[in-house]
Amino acid sequence: MSINYKTELNESQFQAVTYDQGPSLVIAGAGSGKTRVLTYKIAYLLENGYQPWSILALTFTNKAAREMKERIAKQVGTERARYLWMGTFHSIFSRILRAEATYIGFTSQFTIYDATDSKSMIRSIIKEMGLDEKTYKPGTVQSRISNAKNHLITPTGYAASREAYESDMAVRMPAIRDIYNRYWERCRQSNAMDFDDLLVYTYLLFRDFPEVLARYSEQFRYVLVDEYQDTNYAQHSIVLQLTKESQKVCVVGDDAQSIYSFRGANIDNILYFTKVYPNTQVFKLEQNYRSTQTIVRAANSLIEKNERQIRKEVFSEKEKGEPIGVFQAYSDVEEGEIVANKIAELRRKNGYEYADFAILYRTNAQSRIFEEALRKRTMPYKIYGGLSFYQRKEIKDAIAYFRLVVNPNDEEAFKRIINYPARGIGATTIGKITSAANDNEVSLWTVLCEPLKYGVNIAKSTHTKLQDFRMLVESFITDLSGKNAYELGTNIIRRTGIINDICSDNSPENLSRKENIEELVNGMNDFCALRLEEGNPNILLSDFLSEISLLTDEESGQTDDDAKVTLMTVHSAKGLEFKNVFVVGMEENLFPSSMAGDSPRAMEEERRLFYVAITRAEEHCFLSYAKTRFRYGKMEFGSPSRFLRDIDTHYLSLPHEERINRSVNERADHFRREIEGGFIRSTPPQLSSPSSYSTFQKSKDKEQIISPSLPRHLKRIPTTENENQPPVSSTPSTSHRNVRIGQIIEHERFGVGEVIKVDGIGDNAKATIHFKNAGNKQLLLRFARFKVIE
DNA sequence: CCGATACGCATTTTT
DNA sequence: TGCGTATCGG
């Protein structure tokens, strides 16, 4: 299976793939085959003497890592692909940190705090310090601390930084450095790291232990980074630590799509990459394979208005395509109707599926209007961006138990479940334990085990309750290495009374909680089963935990068979493509967001965001704005976004009576005068109501919000058998004893594949199967779930 | 210890 | 407007 790089890639892709003399920067315009370059480059390296484990490929999302891995597996085979170090920054670094935990004073079982955990810990610290919560808002403090960490500033560095102090003074929060310091220590005490810590500690590990750095930088002979425009200073610095010596680094990205600065991403990393690695070879991928010429040119004319960027000339050789349609609506409601009508029209005229449409907005709050418009016309849709599965209360509760069992020092988990289900341990007791723990610089769990030793003054009955709790948790700890994740997990859910609590009555919300818990349990079963199939027994609870703590992954939009219109924010649309895209709410103070204020940098980022929105479209793109809109319960007036004027009118089809380029300012002024004069305020603006509005029958909504659930790779495709899946260990699958080479089978997870090899007999029989979509896999026949189809 | 009510607040969210 | 948190009363 050899790859013909010359014919399968265009010239610039080919150059980028085959260059391995030194550092390279690949500027990949929207839709220019960025992932293609990355996967081919890795395949190329593998063909040219690099071992899989000597290649490190970093991405930002699990999804990107998974997709890339699958594509590489198809090119070079699953066996070699599986030894690649490919994953998100956070997952790769957590893997390294678990292995080297003792260097930095953690154990390899450390917990990873999500944003909620860390916010909650910050909140308690603020309270304990007696600071005013109105001034010290946990969210604000958290983001300032996060910002410090993203810049690799430790509490010591922070305390010594005059700049940090002055900045804190300016917002009247001089105590932030103390909060930061305490927060840092408390996390250590809890054997826990937040997301940012995974980067900070990796950096510190490499900085303070050169022998460790040497080990890893010698192992990773080539480092590749995807979406480099989204890296923050910490990530950039770690990549530099690893590659400073070898200079074997290839970063891929598009500065025009840098839209995550609010999370610490620094566009300068990509803009000044060539300064950091002076011998960088730059490759530009400028051919767009996704969109019509009109869409590409319109997008170019927009992004041209940004100062800070790497100049490039993206072009398309697809058909010219139609101009970008601009719609004006009188109200947000009418905007919804216009979009729904247009979808209906395009479906009628061009035969599009619902799945060919996406409605993209700047803020999640805008989704409701479109939901209602689509529902009125019984058009199916799906909305992205709710709470992820792991954010749900009942799931967090269950997982808090898992966490405490794996790492008893986990303070947040402790607080969450010490009195859930209710066991008579109230706020007072927890307060006493917390302060004793702080005074003695030990964890809450340590105090709980010996309250008297740490001078906790409690009643006898409370003492008994605490010890009962301790024994309960300890009994699970005993089983940690003896039972697999699924067995121990179900055990915990049953014996702690979680199940009881949820089944106490049949209220609808309890029913849904129950379903969620069931899904979690099934997920754990599948998690173990999948690994067992691959010949990996003894999957422990800690394995499950460390896998899921870095997943936000929602049931991703792969379900292309169900035809639904997609509704999402522009941010979440990055990386996706749709035949028809509506970018809605194109108004001043909305898109661009009012938060951008007068900061040129922020405004440029808003413009890039708009660039991302437009470049999602393959065939048609539409922009719309409303003159009035309900916000925060009030009617607001808006004027068309300045970005509409950034696009060359040549590529636009403007509403008849509007000629934006000429009259936007005038009209905005006119509007303002009307408002300021109180002319309009007294009479609420007429909501236009097109004929279609009221004549449509209300119909029962068949649409559903996509409720994010277990990540796909933990999940088994539902079987026809009912939900009572027996535990893994007792499910020898029937009748696959004698598969033969050449047979076609269908696996529940991997899909259709052909048996190409069978080794061993009886319980140890192992088949190598070539899956159409998942490449080659070795499966233990004893556990594999599939059926023979031919 | 839970429920009702009040208050305040409000982009975007890869991990 | 509408949600999440804070506080008080039974």
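Below, read A as the first sequence line, B as the second, and so on, with proteins coming before strands; counting in each chain starts at 1.
When distances are taken from the side chain of A/S593 to each of B/dT14, B/dT11, B/dT13, the shortest belongs to B/dT11. The A/E133 side chain lies nearest to C/dA6 when the options are B/dT14, C/dA6, B/dT11. Closest to the A/R263 side chain, of the nucleotides B/dT14, B/dC2, C/dG2, is B/dT14. Comparing B/dT13, B/dT11, B/dT14 by their nearest atom to the side chain of A/S572 picks out B/dT13. The listed nucleotides are B/dT12, B/dT14, B/dA10; the one nearest the side chain of A/D230 is B/dT14. For A/Y260, counting side-chain heavy atoms from C-beta on, the closest listed nucleotide (B/dC1, B/dT14, B/dT12) is B/dT14.
In this structure, A/F262 packs face-to-face on the six-membered ring of B/dT12, meeting both the 5.5 Å centre cutoff and the 30° plane limit.
Distance noted for atom P between B/dT13 and C/dG4: 16 Å (whole Å).
One atom, OH of A/Y420, and another, P of B/dC1, lie 15 Å apart when rounded to the nearest Å. The interatomic distance linking A/K127 (NZ) with C/dA6 (P) rounds to 6 Å, in whole Å. Between the C1' atom of B/dT12 and the CZ atom of A/R608 lies a distance of 13 Å, rounded to the nearest Å. Taking atom NZ on A/K634 and atom P on C/dG2, their separation rounds to 14 Å, with Å as the unit. A/K134 places its NZ atom 9 Å from the C1' atom of B/dG8, with the value rounded to the nearest Å. The CD-C1' distance, from A/Q366 to B/dT12, rounds to 11 Å in whole Å. Look at NZ on A/K63: it is 14 Å from P on B/dT13, rounded to the nearest Å. Regarding A/K137, its NZ atom lies at a distance of 14 Å from the C1' atom of C/dT5, rounded to whole Å.
Comparing A/A265 and A/M595 against DNA chain B, the residue whose closest nucleotide sits nearer the 5' end is A/M595. Each of A/L198 and A/I425 lies near DNA chain B, and the nucleotide nearest A/I425 is the one positioned closer to the 5' end.
As judged by a 4.0 angstrom heavy-atom cut-off over every strand, A/G424 is placed among residues touching the sugar-phosphate backbone only. Within the 4.0 angstrom heavy-atom criterion, base atoms lie near A/E606. Backbone-only engagement by A/R368 is indicated by non-hydrogen atom pairs under 4.0 Å involving sugar-phosphate atoms exclusively. Among the protein residues, A/N419 comes within range of the sugar-phosphate backbone only, with heavy atoms under 4.0 Å from sugar or phosphate atoms but none that close to a base.
Screening A/S593, A/S639, A/S594 for a side-chain contact (heavy atoms from CB on, under 4.5 Å) with A/E588, the sole residue that qualifies is A/S639.
Proximity of A/N232 to the phosphate of B/dT14: no side-chain N or O atom is located under 4.0 Å from OP1 or OP2. Remark: A/T569 is in phosphate contact with B/dT13, judged by side-chain N or O atoms under 4.0 Å from OP1 or OP2. Between A/N62 and B/dT14 there is no side-chain N or O to OP1 or OP2 distance below 4.0 Å.
Pairing each heavy atom of A/I259 with each of A/K574, the nearest pair is CD1-CD, 3.7 Å.
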Step-by-step salt bridge (charged side-chain N to carboxylate O under 4.0 Å, His left out) determination, A/D410 to A/R403 | CA-CA 7 Å; A/D410 182 335; A/R403 275 165 51 176; 2.8 Å; yes
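For A/A256, the side chain to side chain contact (heavy atoms under 4.5 Å, CB included) criterion is met by A/D254, A/I303, A/K312, A/Y611, not counting sequence neighbours. With sequence neighbours left out, A/D196 forms a salt bridge (Lys or Arg N to Asp or Glu O under 4.0 Å) with no residue at all.
Remark: A/E606 engages A/R362 in a salt bridge, criterion side-chain N to carboxylate O under 4.0 Å.
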